Amino acid sequence: QVQLVESGGGLVQPGGSLRLSCAPSGSFFSIYTMGWYRQAPGKQRELVATTTSGGNTNYADSVKGRFTISRDKNMVYLQMNGLKPEDTAVYYCNAQVRDTMLVVIPRDAWGQGTQVTVSS
């Protein structure tokens with residue numbers, strides 16, 4: 001099964017920028033919508049941004065104008081500018097994936113998560 005590998009997280013000061021990357025590793029049949037989610041301690045995982053294979057994008061209201069999701073083939077990126085302390089969370093890559101051609105309905109695949117900490 002495909003694994004999603006994230007990179008780019010780290011510690012940044014308020015107002016700073018980070019660029020997260022996510023790439024599939026392993027075998028899969030098809031990948032459709034990809035996106036980023038985040039989860040802070042004690043809170044539920046929430047959508048940050050998604051992008052379809054056709055280029056349609058969707059953003060959480062809290063990140064509009066600051067974050068940009070982009071895609072290159074089956075790789076997805078999240079450019080985060082103007083970071084705020086409330087952006088601190090574990091960021092997870094997500095992909096709608098068919099592991100084999102015999103599985104008609106895609107599943108949600110998740111990365112291990114990368115920590116983003118915004119603090120002075």
Side-chain angles (χ1 to χ4, degrees):
Q1 292 185 327
V2 66
Q3 292 180 309
L4 303 179
V5 182
E6 301 134 321
S7 63
L11 175 65
V12 66
Q13 293 187 336
S17 298
L18 286 173
R19 187 172 189 257
L20 306 183
S21 300
C22 174
S25 178
S27 63
F28 62 92
F29 180 68
S30 295
I31 289 180
Y32 304 96
T33 299
M34 301 185 75
W36 293 93
Y37 293 72
R38 66 186 182 187
Q39 187 170 25
K43 301 187 68 176
Q44 290 192 309
R45 189 172 299 184
E46 65 175 353
L47 181 148
V48 177
T50 61
T51 180
T52 68
S53 58
N56 188 39
T57 58
N58 182 45
Y59 296 92
D61 289 339
S62 60
V63 307
K64 286 181 179 178
R66 299 188 297 120
F67 292 9
T68 302
I69 190 170
S70 60
R71 185 172 180 173
D72 180 19
K73 294 174 286 186
N74 292 315
M75 302 179 68
V76 66
Y77 309 90
L78 185 68
Q79 179 66 47
M80 304 185 293
N81 298 325
L83 283 163
K84 305 174 180 180
E86 49 263 48
D87 295 318
T88 296
V90 177
Y91 283 70
Y92 296 91
C93 181
N94 169 266
Q96 191 181 45
V97 58
R98 291 173 65 191
D99 292 300
T100 74
M101 65 178 176
L102 298 180
V103 180
V104 177
I105 302 176
R107 68 175 178 91
D108 281 325
W110 297 92
Q112 291 294 309
T114 183
Q115 178 71 48
V116 172
T117 302
V118 184
S119 176
S120 298

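Just so you know, these numbers come straight off a predicted model, no measurement behind them. Heads up: numbering here begins at 1 and tracks the sequence.
More than 12 heavy atoms of other residues, nucleotides or ligands shown are found within 6.0 angstrom of CD on Q39. Counting heavy atoms of neighbouring residues, nucleotides and ligands inside a 6.0 Å radius, atom CD of Q44 does not exceed 12 of them.
The distance from atom CH2 of W36 to atom OH of Y77, rounded to the nearest 0.5 Å, is 10.0 Å. Atom CG in N56 sits 7.5 Å away from atom OG1 in T50 (nearest 0.5 Å).
Nearest heavy atoms, Q115 versus A89: NE2-O, 3.4 Å. In plain terms, the two heavy atoms of M34 and V76 that are nearest each other are CE-CG1, 3.7 Å. Shown here for R38 and S62, the closest heavy-atom pair between the two residues is NH2-OG, 3.3 Å. The nearest pair of heavy atoms linking G113 to Y92 is CA-CD2, 3.6 Å. The two residues G35 and I69 make their nearest non-hydrogen contact at CA-CD1, 4.0 Å. When all heavy atoms of P14 and S120 are compared, the pair lying nearest together is CD-OG, 3.6 Å.
A side-chain contact (heavy atoms from CB on, under 4.5 Å) with T33 holds for exactly one of N94, V97, T51, T52; it is T52.
Criterion: ILVMFWY side-chain heavy atoms under 4.5 Å apart, direct or through other members. Under it, Y59 and Y91 are part of a common hydrophobic cluster.
Salt-bridge check for K64 with D61: passed, with a basic side-chain N closer than 4.0 Å to an acidic carboxylate O.
Ring pair W110/Y37 is perpendicular by interplanar angle, where above 60° counts as perpendicular and below 30° as parallel.
With E6 contributing its side chain and C93 its backbone, the two residues share a donor-acceptor pair below 3.5 Å.
The shortest distance between side-chain heavy atoms of R107 and V2 falls below 4.5 Å. In this structure, M80 and R66 have side chains that are not in contact, with every pair of non-hydrogen atoms separated by 4.5 Å or more. In this structure, T57 and R71 have side chains that are not in contact, with every pair of non-hydrogen atoms separated by 4.5 Å or more.
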Identify each donor-acceptor pair in which a side-chain atom of residues 18-32 lies under 3.5 Å from a protein atom, sequence neighbours left out, and give them as a table.
residue	atom	partner	partner atom	Å
Y32	OH	R98	NH1	3.4

